Amino acid sequence: MNRRDELADRVAITELFHAYAFHFDRNEPELVAALFADDATVDYGPEVPPLAGRAALLAQVTTGLRNVFAATSHHISNVSIDLAGDGDRATARAYLYAWHRYRDGSPDGYLWGQYHAEVARTGDDWRFMSLQLRAAGMQDFHRSTMHPIDRRA
Amino acid sequence: MNRRDELADRVAITELFHAYAFHFDRNEPELVAALFADDATVDYGPEVPPLAGRAALLAQVTTGLRNVFAATSHHISNVSIDLAGDGDRATARAYLYAWHRYRDGSPDGYLWGQYHAEVARTGDDWRFMSLQLRAAGMQDFHRSTMHPIDRRA
Amino acid sequence: MNRRDELADRVAITELFHAYAFHFDRNEPELVAALFADDATVDYGPEVPPLAGRAALLAQVTTGLRNVFAATSHHISNVSIDLAGDGDRATARAYLYAWHRYRDGSPDGYLWGQYHAEVARTGDDWRFMSLQLRAAGMQDFHRSTMHPIDRRA
């Protein structure tokens, strides 16, 4: 693999995070799920059990978007990508600043966090193989405990 | 057009959004306007009528920066670019998280939104042909209605 | 230097800002300092005297992370890079949206700002030669004065 293709892969992997945000914020759970491999694992925990497979993710996201959120905005930044040797796998992390408006009228929730992901090329596309959400902090968020970013005490 | 040039075009189009933010936040309306084609259309609406042409944009931005805002910060992220076939046109969208401090002492305003744009190459430069601002949400913002991001109900 | 390498340099310089945020937020001051040249200058002022050299930066960051911050999240965006002629120097700026939780229980602090940097290639790596933090605005932040973004009055 040459460097030109590596740069194109970086764009594609970055766009994967952007597509996740865009479709989540537009309440398009099936388009969110389509960004994941069939057997992907997603960990929004620890209050949500790990989700094994695209179908489990689709069910979780569909329910959340229908019952919990009136509106959301997922601002992705600090995308860092480590391309592995064979060019078909990568680890990636991104920062997330997310705003949430709730259906039940609770105060708006804020999350300052990070996505940690493994991604793989399948045919022409990159897809999430695993995704874990970690929190640096939150305010009025609908979770009381999140995976930490592992800040030193 | 080869892929190397496509990547350079992605950088240039991304920088267009960054330049918009930078010059807006520094109260440099003429440098904001210079990023747009002569006949560009800009839609901050629905409370602001669509702006037809660079001169109309310049007037609107000049007035707002002088009369309404004491300070602003436009944080651009989630830049997604679709390069069209001939290499001289593209559609692009970006997320915006914007903070506004008002001259009249109103509480700081927040916007979580998206820019949807058409861009075109003119000579060596990319410029905005059209720009529409959409809101996922807002708080204490100086508009009561914004174009929606078209989230499914 | 050809354009392919320029694009790789842009990625590397962007990752430098991301690494700064990531290690700062994880309270890893020695990994923050490692991103700077030995004789780098850092200006968080005007309330903090300019820091001359990596060792001075390390001392400042170590103290702040240990005594002031319980948690932080540094969201980097709007990265704009100007590559200089010889390919081994660049100026770069980035927007920063930063959230801070304080050890003393003060209300969370927010900063909407910009980093202005000079970077240089040293061997295979890019490092910060200089870094200045400027503020567009702040809320409940632990500084009362910051370098301005030079917004026109």
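Chain A is the first sequence line, chain B the second, and so forth, proteins listed ahead of strands; every chain is numbered from 1. All values derive from a computational prediction rather than experimental measurement.
C:Tyr97 and C:Trp112 have parallel rings, their planes meeting at less than 30° on a 0 to 90° scale where 60° marks the start of perpendicular.
Looking at B:Arg10, there are no atoms closer than 4.5 Å to chain C (heavy atoms on both sides), in backbone or side chain. Both the backbone and the side chain of B:Phe22 come within contact range of chain C, each with at least one heavy atom under 4.5 Å from a heavy atom of that chain. Proximity to chain C involves both the backbone and the side chain of B:Phe69, based on heavy atoms less than 4.5 angstrom apart. Residue C:Ile76: no heavy atom, backbone or side chain, is found under 4.5 Å from chain B. Only the backbone of B:Ala70 comes within contact range of chain C, with at least one heavy atom under 4.5 Å from a heavy atom of that chain.
The residue among B:Ala94, B:Ser77, B:Ala21 with the most heavy atom pairs within less than 4.5 Å of chain C is B:Ala21.
The main-chain N or O of B:His142 is found under 3.5 Å from a side-chain atom of B:Tyr102 such that the two form a donor-acceptor pair.
In the model, B:Thr91 has no side-chain atom that pairs as donor or acceptor with a side-chain atom of B:Glu118 under 3.5 Å.
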Would you please test C:Asp43 and C:Leu133 for side-chain contact (heavy atoms from CB on, under 4.5 Å) and show each step? CA-CA 6 Å; C:Asp43 185 356; C:Leu133 178 59; over 6 Å; no
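Atom CZ of C:Arg89 is surrounded by 12 or fewer heavy atoms from other residues, nucleotides or ligands within 6.0 Å.
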